[in-house]
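In what follows, every chain begins at residue 1, and chains take the letters A, B, ... in the order their sequences are listed.
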Amino acid sequence: MPHHTVYEAKIEHLQILDEDGVLDKKLAKDTLSDDQVVYLYEQMRVCRELDEIAFKLQRSGRMGTYPQNKGQEANAVGSALAMVKGNDWIVPSYRENAALFMHGMPMHYVIQYWMGDERGSKFPEGVNITPLSVPIGTHMLHATGIAWAFKQRKEADRAAITYFGDGATSEGDFHNAMNFASVMQVPCIFYCQNNSWAISLPREQQMNSATVAQKALAYDMPTIQVDGNDIFAVYKATSDARKRAIEGGGPSFIEGVTYRLADHTTADDARRYRDQSEVDAWLEKDPLIRTRKYMESVGVWDDKKQEELESRAKTIVKEVVDAAISVSTPTASEFFDDMYAELPDDLKIQRDTMRTTSIGRNPSQIGLSAQHQNA
Amino acid sequence: MPHHTVYEAKIEHLQILDEDGVLDKKLAKDTLSDDQVVYLYEQMRVCRELDEIAFKLQRSGRMGTYPQNKGQEANAVGSALAMVKGNDWIVPSYRENAALFMHGMPMHYVIQYWMGDERGSKFPEGVNITPLSVPIGTHMLHATGIAWAFKQRKEADRAAITYFGDGATSEGDFHNAMNFASVMQVPCIFYCQNNSWAISLPREQQMNSATVAQKALAYDMPTIQVDGNDIFAVYKATSDARKRAIEGGGPSFIEGVTYRLADHTTADDARRYRDQSEVDAWLEKDPLIRTRKYMESVGVWDDKKQEELESRAKTIVKEVVDAAISVSTPTASEFFDDMYAELPDDLKIQRDTMRTTSIGRNPSQIGLSAQHQNA
Amino acid sequence: MAEQTLVGAITSTLDQALARDPDVILLGEDIGVNGGVFRATEGLMATHGEDRVVSTPLDETGIMGTAIGLAIAGMKPIPEIQFEGFLGPAYDQFVNHAARMRTRTRSAVTVPMTVRVPVGGGIHAPELHSDSPEVIYAHSPGIKVLMPCTPYDAKGLLNSAIKDPDPVIFFEPKRVYRTFKEEVPDEYYEIPMGEAKVVSEGEDLTIVTWGAPVFQCLEAIDNLPEDVSVELIDLRSIYPFDMDTVAESVCKTGRCVIVHEAPLTGGFGAEIAARVMEECFLHLEAPVQRVAGFDTIMPYYKLENEYLPEAPRILKGITECLAY
Amino acid sequence: MAEQTLVGAITSTLDQALARDPDVILLGEDIGVNGGVFRATEGLMATHGEDRVVSTPLDETGIMGTAIGLAIAGMKPIPEIQFEGFLGPAYDQFVNHAARMRTRTRSAVTVPMTVRVPVGGGIHAPELHSDSPEVIYAHSPGIKVLMPCTPYDAKGLLNSAIKDPDPVIFFEPKRVYRTFKEEVPDEYYEIPMGEAKVVSEGEDLTIVTWGAPVFQCLEAIDNLPEDVSVELIDLRSIYPFDMDTVAESVCKTGRCVIVHEAPLTGGFGAEIAARVMEECFLHLEAPVQRVAGFDTIMPYYKLENEYLPEAPRILKGITECLAY
Ligand SMILES: Cc1ncc(C[n+]2csc(CCOP(=O)(O)OP(=O)(O)O)c2C)c(N)n1
Ligand SMILES: Cc1ncc(C[n+]2csc(CCOP(=O)(O)OP(=O)(O)O)c2C)c(N)n1
Ligand SMILES: [Mg+2]
Ligand SMILES: [Mg+2]
């Protein structure tokens, strides 16, 4: 056969709840109940509040660099709801706060973490979340590995989900994670929050492809592009992917098309590289606005509930911040003690003496007074 | 638009000269002249001879590990002919000997190299070939960079080609090279010799995708799968890609479907992991056999020419081996002298004294006799 | 009890680990049906199944990264990297994730894994098949670094590594994979990490080394005049490392030669030399000498013996140190 | 002549290099319109065009690997890696390709490039934004490693690096990017690599350091009794490094303290300590002391000052060394 087609593929886009809060009823079938919608809306709203307070904490010098989630919350909550808390694993980047909270991470941990304290990543037993990943694009392999362990142990009811940005897809480890997952056919979901920017680089300069979703074609991995500001579409795509995963159908890819409404982090100033007009256009697609519109249209939400939620959010976040601020100051020994299950002697000496020279490890040999040693 | 298609693609397979040496005349239009076919056949045949002698050299202990090219030669010669010698750059793996010879690499260099001598990679001025790449899958980025330089300098008539195996596509650097090339739209051709195996790993366990060619869809890169044992298809795909490249159309991907007829290297024993029946089936698709059949069918080849070529190949290869063996023994100072353009003092001392301790760098300070220093 | 080569001892130790613990999983390039390019996993897939001895795609990043995930989920992965030169693509996952997961989560998430890697020169292999990068990992906190060079030590240290709750890199000096056999007990035993071995006792000078050079040192010692008595220490464990044994010996002999294949500058020999000075200052009768690889790329095989610290060069180091 | 900060001196040096040589090309994440996260390339894209100051995809492997290709083809790439912690993905390309291309081809193919990398702690940054991996590269043959800490030195060494025909890694101590200004000549000048700088002269003890700790050392010296005179050496160039200056100083003072941010074990301080012993053995009155980062992961910012070798810890090291 001289000239023939050996492979064909296409990428579908899914939107169920549009920018105006209008739902496609047919597509919405078997997705979210109204109660669930309200729940997810509340999660998003609280997360938004946290973002704003975190921003203020940073600006007033009480917190280091912090990456806001603003505008992207639907990706986190819609997908997190499709995963099973305490059973599945979440391997996050750093812009999915709401997903982490929904899966049991105490809210103040995230503040404590960004205040420069590793204990904010010491999640309680039973919370199946890996720590926020500072090196971009490198953590998805851990999700592949975790999902591989499920398969290996025949824990047929478990899946892993990993979140990452559009920028993260440029790292080699993205490719490695996708290839291993597809070769091993592990129950893993790759969720890309395509928020159009990686710090100052627009998506079009990050990659040459029309969509992020098509990157999965390289691995014959089921893939879909969804409106990432639409909790219905996000939920549906993730549930479908999870169902496929636990039924032995292997990994899936989801591109959530969304937008980073805030600066990259509090250390960034997005006005240097993007037009306000672009931001304004996306402000109208805000998941909170459209979800609220939908809830109001079906009569499960009104201004009173909104007011009540806003004040509740304030209270929650205030408590969260108080909790984060009131944790004890870490001590230097902490960064020694958690280096290894059991500390090598040499490191014990470093910890106990806060010295890095081994003079005096054996005072008799070097003739220094013992008192001198421990000074 | 709730549910719609945002991307569509397909992969085409091209074969022009089939297993029986029958040519598809329509597809063959504007490809190879009969003279060129004869030339490429000769290149392949000489290369095959070299392979066999190299194998014997290794078995008789006169050479280290060597990777045979056997069965894959059409990929090398067909693509090399489409590139412009002394103008374009070639960034090879280690299974494209014929391409390197066609682009000016003295044949004995390859033997000298595999005999454990870096001077086999010191290509003469004007030979635009990077050294064989030992770390798999990592060199393609250099082709991307070289092609980027062409674009940057507006050397509009130049392109780079890089060769790699099916196994190499699993490395992260493959993804990086493809993404950079497509984002920067550089004149680079990615040629994957899919020979079904990476040492003992069959292609189906290397990747989950139906083709290698579809990996380029992740980057919206023009891509094609060709019969890699068909010099016409290989030549055509590469010429098309080169034309696109120098006309500003950016990078292209070519998957040459071929087969490694020999062991992975002389250190390998493929009987441990693959069936002879598979090898036998591919022996029939040998590019040398089908090219010869074609040449005979159009009357440009006969047994006499074949005999003559075979004896010429023997002579050439004998001379090559003699040349490789007769080069001077390298001296230890060589591996110092080419470390830096100018050797740091410390390294000069190491070279001159063949010592790695700095005792005595300044004899007056340490009280060793000068004579002691240089012992 | 049976006579085993180094590689044989590794194979049987892995075999026992797979049999003992269902959470143990081996992954790496060509380790399945092919038994690995050095045959270190020969037969293990047949015995334990292809889901426990897994030939992976050609991707060291992926091997290391998925091993981290496996470990997080409670497995005990034993990845193999085919040659030390191919640790490059796995470097970031290893030092920036595996090594940091525990401290990053204050011990909530841990990464028990043993990365097996053939190491060092002397087998006439191509470029990037003969290096000695141990100090890179010894300098990276959160990792343990081992390099046994005898079958007995290999089994004991590999068992300790597999049992350890933290990431261990286990270097196997490929040059001595099959050079000799020794008795290795069939039953399970451990050798604690961080304990050096005194290979031979002596009074005049201490040699500290690890990996294949142990045997070049023995050869050098054999060529010394009878009246010179050298104490030879095989560090075995590069991190943690056993300064007690080293310091005690050097305080006794007053002289020290360090031998390693890796380049001199910034090699682990520098650390040992610095510590010896710190801990034996008043006992030292000569500066510590380092007989090491040169600060060059390990040359391709025609010249590799010029590069490696072979016996004559070690002998010269000893002689000069004694003459100081 | 104008007063410039460290980062300002780097920006203007890059500006001049771009203006001087059409083959110079800058590539890195966010270095274009955004001017880099530390603003080291501020304004350069506007001046020189977006094909010469290129914001690349988020991919350090790609940045390093394409830079190698650019260099092979005759360009002079100056890649920026955003933080030293992200050298991980670029590691393999750098040490296994850039550093080896010359020797691999016996100088037929070369890789002139200068990799710029902000380095070190002290700015309250997240994990992997505060490390000091200089020894990793100093131990990797084929690379030159620089770490200037003043605006004047930065310009002179950056010029030398860009001119150099081989790969150079140019570490910029981010902690002092903007802490002070000094006079930097407008015109082109070079400072040779491999020359240390004597920051202050003294008789009683030598401090050897590099990078931001130079300033913590100065602070420590300020707090010493008036009658103690310390010679402070800023190594500036880690490979090649200037043992002449160090050895001469220690042979004079008889005592040496080495200060660096990287973890102690296997840090470059070990090499300096080992060499000092080798070259100043008969002059040493005390063991060389190393005041360094601990053998732990650099903690997140609440504890980073406990980790860093700050002035009090340096002071203690000096005092103990003098008291020996
Ligand atoms: C390996 C690595 N390189 C660079 C950085 C610096 N950095 C932090 S976030 C970021 C952009 C990430 O973009 P994207 O993946 O799209 O995620 P987003 O921030 O948009 O959510 C960069 C370059 C990093 N953290 N890790
Ligand atoms: C980074 C790296 N990992 C592993 C190896 C060992 N190795 C050498 S060749 C090879 C298989 C290569 O397969 P492929 O890319 O398909 O090329 P082929 O040999 O089939 O031509 C492997 C695993 C290597 N050289 N480099
Ligand atoms: Mg993004
Ligand atoms: Mg192959």
Side-chain angles (χ1 to χ4, degrees), chain A residues 64-65 94 113-118 120-121 131-132 134-138 165-173 198-201 205-207 264-265 267-270 272-274 329-332 334-336 338-339 344 346-347 350-351 354-360 366-369 372 375, chain D residues 29-37 54-62 82-83 85-86 88-89 123-129 257-258 263-265 267 269 273 286-307 309 313 316-317 319-321 323-324:
Chain A
T65 305
Y94 50 76
Y113 173 76
W114 291 110
M115 282 182 165
D117 184 349
E118 286 88 348
S121 296
L132 275 64
V134 169
I136 297 295
T138 58
D166 43 312
T169 66
S170 291
E171 293 283 356
D173 298 33
I199 308 187
S200 71
L201 199 73
Q205 290 177 41
Q206 189 71 247
M207 61 191 78
H264 169 66
T265 63
D268 179 50
D269 177 3
R272 294 173 64 93
Y273 53 78
R274 74 181 182 185
T329 311
T331 57
E334 273 185 28
F335 67 78
F336 289 96
D338 290 300
M339 279 306 299
D346 201 44
L347 211 43
Q350 290 187 16
R351 178 194 60 192
M354 288 303 278
R355 297 157 50 125
T356 52
T357 197
S358 61
I359 289 183
I366 63 158
L368 275 183
S369 72
H372 209 130
Chain D
E29 294 159 14
D30 304 291
I31 70 164
V33 58
N34 200 34
V37 293
V54 185
S55 278
T56 66
L58 204 178
D59 168 13
E60 294 77 14
T61 316
Q82 209 161 63
F83 284 87
F86 311 138
I123 64 156
H124 274 205
E127 196 205 340
L128 285 165
H129 289 65
V257 172
I258 299 166
L264 174 79
T265 296
V288 177
Q289 301 235 2
R290 290 179 288 160
V291 180
F294 298 103
D295 289 333
T296 69
I297 301 298
M298 151 71 86
Y300 200 178
Y301 69 78
K302 276 210 174 159
L303 292 176
E304 76 171 328
N305 289 342
E306 307 290 325
Y307 177 91
R313 199 140 69 83
K316 203 198 241 175
T319 315
E320 289 180 6
C321 191
Y324 188 90

For [X], which atoms come within 4.5 Å of any heavy atom of chain A: side chain, backbone, both, or neither?
X      : result
D/T265 : side chain
D/L264 : side chain
D/P299 : both
D/E304 : neither
D/F83  : neither

Counting distance only, does the side-chain N/O of [X] pair as donor-acceptor with the main-chain N or O of [Y] below 3.5 Å?
X      : Y      : result
D/E306 : A/T331 : no
A/Q350 : D/D295 : yes
A/T356 : D/A292 : yes
D/Y307 : A/A332 : no
A/E118 : D/Y300 : yes

> Do D/I297 and A/M339 have side-chain heavy atoms sitting under 4.5 Å apart?
Replying inline: yes

Say you draw a straight line from [atom1] of [X] to [atom2] of [Y]; how long is it, rounded to the nearest 0.5 Å?
X      : Y      : atom1 : atom2 : value
D/K302 : A/D117 : NZ    : CG    : 5.0 Å
A/Q206 : D/L58  : CD    : CG    : 5.5 Å
D/D59  : A/I136 : CG    : CD1   : 12.5 Å
A/R355 : D/R313 : CZ    : CZ    : 10.5 Å
D/K316 : A/T357 : NZ    : OG1   : 11.5 Å
A/T138 : D/F86  : OG1   : CZ    : 9.0 Å

>> Over 60° means perpendicular and under 30° means parallel, so tell me whether D/F294 and A/F335 are parallel, tilted or perpendicular.
In response: tilted

>> I'd like to verify something: which residue of A/A198, A/P330, A/G172 has the highest number of heavy-atom pairs under 4.5 Å with chain D?
In response: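 Sorted descending by pairs with chain D, the first entry is A/P330.
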
>> For a quick test of reading the model, state the closest non-hydrogen atom pair linking A/V134 to D/H129 and the distance between them.
In response: CG1-CE1, 3.4 Å

> If you take all heavy atoms of A/G64 and D/Y301, which pair is closest and at what distance?
Replying inline: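 Heavy-atom minimum between the residues: N-OH, 2.6 Å.
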
>> For a side chain to side chain contact (heavy atoms under 4.5 Å, CB included) check, start with the C-alpha distance between A/D268 and D/N34, then their side-chain angles and the critical distance, and finish with the verdict.
In response: CA-CA 9 Å; A/D268 179 50; D/N34 200 34; 4.3 Å; yes

